Amino acid sequence: MTLNQMKGAKKIMKWFEFDGDAENYYLRKNFKSLRVKAGLKQEDVANRLGLYRSTFVKYENNPKSIPIRLLLKLRFIYNCDYNAFFNDV
């Protein structure tokens with residue numbers, strides 16, 4: 001596979017991340033960027049929340065399904081205000 005083919009494949013993969021649900025797309029982006037900005041891995045956050053990593057990944061990939069009680073805890077883990085979760089939504 002050439003470099004140009006790999007770049008094209010990455011663009012296609014990025015396009016498929018957007019599933020037509022703009023709201024959920026931006027929520028996913030925000031949740032992941034807040035975690036990365038805090039310097040945490042998914043496993044770190046899952047442990048702090050008392051969850052399995054796979055359960056946390058499910059919530060990070062589909063933030064609309066996250067329980068409010070976990071959102072409250074994430075606010076403190078990421079040291080942010082609630083608006084940070086909903087930027088661009």
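Being a predicted model, the structure only gives us computed values, none of them experimental.
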Within one Ile-Leu-Val-Met-Phe-Trp-Tyr cluster: Y78 and V57, side-chain cutoff 4.5 Å: no
For S65, which residues count as a side chain to side chain contact (heavy atoms under 4.5 Å, CB included) partner, sequence neighbours excluded? Y59, N62
With a 6.0 Å cut-off (strictly less than), is the heavy-atom count around CG of N79, excluding the residue itself, greater than 12? no
Shortest non-hydrogen separation from D81 to R75 and the atoms involved: CA-NE, 4.0 Å
Answer yes if L74 and V36 sit in the same cluster of Ile, Leu, Val, Met, Phe, Trp and Tyr residues linked by side chain heavy atoms under 4.5 Å apart, and no otherwise. no
Hphob cluster co-occupancy, I68 + Y82, side-chain heavy atoms under 4.5 angstrom: yes
Over all heavy atoms of both residues, which pair between R28 and N61 is shortest? Give the atoms and the distance, please. CD-O, 2.8 Å
To the closest 0.5 Å, what do you measure between CZ (R35) and CD1 (I77)? 12.0 Å
For the atom pair CD1 (I66) and CG (L72), what is the distance rounded to the nearest 0.5 Å? 9.5 Å
Atom of F85, atom of L27 and distance for their closest heavy-atom approach: O-CD2, 3.4 Å
Tell me which donor-acceptor pairs under 3.5 Å the side chains of residues 40-47 have, and how far apart each pair is, sequence neighbours excluded?
{"from": "Q42", "atom 1": "OE1", "to": "R53", "atom 2": "NH2", "distance (Å)": "2.8"}
{"from": "Q42", "atom 1": "NE2", "to": "E60", "atom 2": "OE1", "distance (Å)": "2.7"}
{"from": "D44", "atom 1": "OD2", "to": "K41", "atom 2": "N", "distance (Å)": "3.0"}
{"from": "N47", "atom 1": "ND2", "to": "E43", "atom 2": "O", "distance (Å)": "3.3"}

Are F86 and L70 connected in the hydrophobic side-chain network, where two residues link if heavy atoms are under 4.5 Å apart? yes
